[in-house]
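Read the structure below first, then the notes.
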Amino acid sequence: MKRTTRDLILAHHASALPELDARRRALLAPRATRIQSVGTVIRELYWPVRRVWLGLGIAWALLLVLNFTLIPCKPQRPAQRETLAALASYHANTENILRETDAAR
Amino acid sequence: MPLVSPPSQLASLVARARAQECDAWDVLLREHQLAVYSYVAELVRDQHLALDLVQEAFVDALRGIGTLRDDARFTPWLFGLAHQRCLRHFRRDRRTRERFDQEADLPEGNADESLELPSDMMVRAEDASAFMDQLARLPEAQRSALLLHVLEDFSLEEIAEVTGVPVGTVKSRLHHAKRAMRQLLEEQP
């Protein structure tokens, strides 16, 4: 009986196949479990109560819309002119008080 | 034993593997595992070490699939990863490394002369043991080139890509390896 050189070499090492299979499965198992676990979470947690999740989602969306609608676009700040006028008034008052104090002496 | 999936199917499997589909990875690694293991085991001559190196090469493949430029060249790429793992092992052993490096300096001789030893060349069952013994006696670099040629029918360019040496060196190594193996097969009654 004759065999090709390739078959001969592969047959010579075929006894390692069970160990190679075991190692390959061990290598791929964590990945499969990870992908499966995402699917399981969606299937077991979300799907049975999907209407409740949907209702909650809509409620949150409405709250967000309301929140953004009620908040003014820009925070209100006193105008620069008003601030300067207030400072000038404060300065004038301080000078008056000092003048009156000097006059009293 | 059948070769791996045809190129179109292989490319489709690799595309799915890129998307981290476990089924695709399982098929790809299962189809390549024995050939890659045979290559590594024949190079390092240690079954347990070969199993570890193949596993490390598969981990490299899973992590580095993004670096593969052409899906159709998955097989040489995977063998290249396994070869790199073997080299890393050889580098730890100074004697093996020196032997491996010196073989690159072999004279090319009549490297153009056609010496056929294709993957489908027939060997009698009673010569099988002598064939494997002779293969083991070949220097590592020649054995590497011959195994890649016989196991996957890689071209000179593909062997050069896997081993990271110039095509001329591959040609020389393959020529010497084929001559040694052919001598053995012709000597058998």
Side-chain angles (χ1 to χ4, degrees), chain A residues 1-69 71, chain B residues 1-3 17 19-42 47-48 50-52 54-59 61-62 117-133 135-136 146-147 149-153 178 181 185:
Chain A
M1 199 183 86
K2 284 186 169 184
R3 299 165 102 169
T4 65
T5 47
R6 180 178 194 271
D7 286 351
L8 195 73
I9 296 168
L10 293 183
H12 185 75
H13 294 287
S15 60
L17 266 176
E19 180 64 24
L20 284 167
D21 281 334
R23 286 183 183 226
R24 191 191 72 250
R25 284 194 203 105
L27 188 69
L28 295 174
R31 288 170 166 263
T33 314
R34 216 181 307 144
I35 292 165
Q36 209 174 15
S37 63
V38 174
T40 309
V41 165
I42 292 170
R43 203 168 43 247
E44 291 180 3
L45 193 72
Y46 173 75
W47 198 246
V49 286
R50 56 190 179 280
R51 284 183 187 159
V52 175
W53 282 110
L54 189 70
L56 277 171
I58 291 168
W60 272 105
L62 280 172
L63 280 171
L64 276 172
V65 168
L66 276 172
N67 193 31
F68 283 116
T69 317
I71 292 173
Chain B
M1 279 175 221
L3 283 161
Q20 299 302 327
E21 280 191 35
C22 284
D23 292 348
W25 270 117
D26 191 51
V27 175
L28 277 174
L29 298 184
R30 195 175 59 229
E31 285 190 346
H32 287 86
Q33 64 184 10
L34 187 56
V36 174
Y37 170 79
S38 301
Y39 174 67
V40 173
E42 285 299 327
Q47 291 183 3
H48 294 289
L51 282 167
D52 289 345
V54 169
Q55 190 173 343
E56 285 168 13
F58 284 180
V59 171
L62 282 160
L117 191 71
S119 54
D120 55 354
M121 184 176 175
M122 305 303 278
V123 179
R124 288 182 302 180
E126 54 267 36
D127 297 338
S129 170
F131 178 86
M132 294 308 295
D133 286 348
L135 184 65
L146 187 73
L147 282 165
H149 176 64
V150 166
L151 285 171
E152 292 297 329
D153 219 4
K178 280 179 178 180
M181 296 306 288
L185 295 172

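Labels below follow one simple rule: chain letters A, B, ... track the order of the sequence lines, proteins then strands, and each chain is numbered from 1.
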Exercise. May I have the step-by-step check of side-chain contact (heavy atoms from CB on, under 4.5 Å) for A:T5 and B:H149, ending in yes or no?
Key: CA-CA 11 Å; A:T5 47; B:H149 176 64; over 6 Å; no

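The shortest distance between side-chain heavy atoms of A:I9 and B:F131 falls below 4.5 Å. Looking at B:V150 and A:T4, their side chains never come closer than 4.5 Å, going by heavy atoms from C-beta outward.
Here A:L27 contributes atom CG and B:E56 contributes atom CD; the two are 11.0 Å apart, rounded to the nearest 0.5 Å. Separation of atoms CZ (A:R25) and SG (B:C22) is listed at 14.0 Å; rounding is to 0.5 Å. A distance of 7.0 Å separates CG of A:L20 from CG of B:L34, quoted to the nearest 0.5 Å.
Looking only at distances, a side-chain donor or acceptor of A:R6 sits under 3.5 Å from a matching main-chain atom of B:L151.
Per-residue heavy-atom pair counts under 4.5 Å with chain A were compared for B:D23, B:L51, B:L29, and the maximum is reached by B:L51.
Of the atoms belonging to B:F58, heavy atoms from both backbone and side chain fall under 4.5 Å from chain A.
Side-chain contact of A:H13 with B:Q47: a donor-acceptor pair under 3.5 Å is absent, judged by distance alone.
Scanning both residues, B:A35 and A:L10, for their nearest heavy atoms gives CA-CD2, 3.7 Å.
Taking the side-chain contact (heavy atoms from CB on, under 4.5 Å) definition, one finds that A:V65 meets it with A:T69, sequence neighbours left out. Judged as a side-chain hydrogen bond (donor to acceptor under 3.5 Å, both in side chains), and not counting sequence neighbours, the contacts of A:D21 are A:R24, B:Q33.
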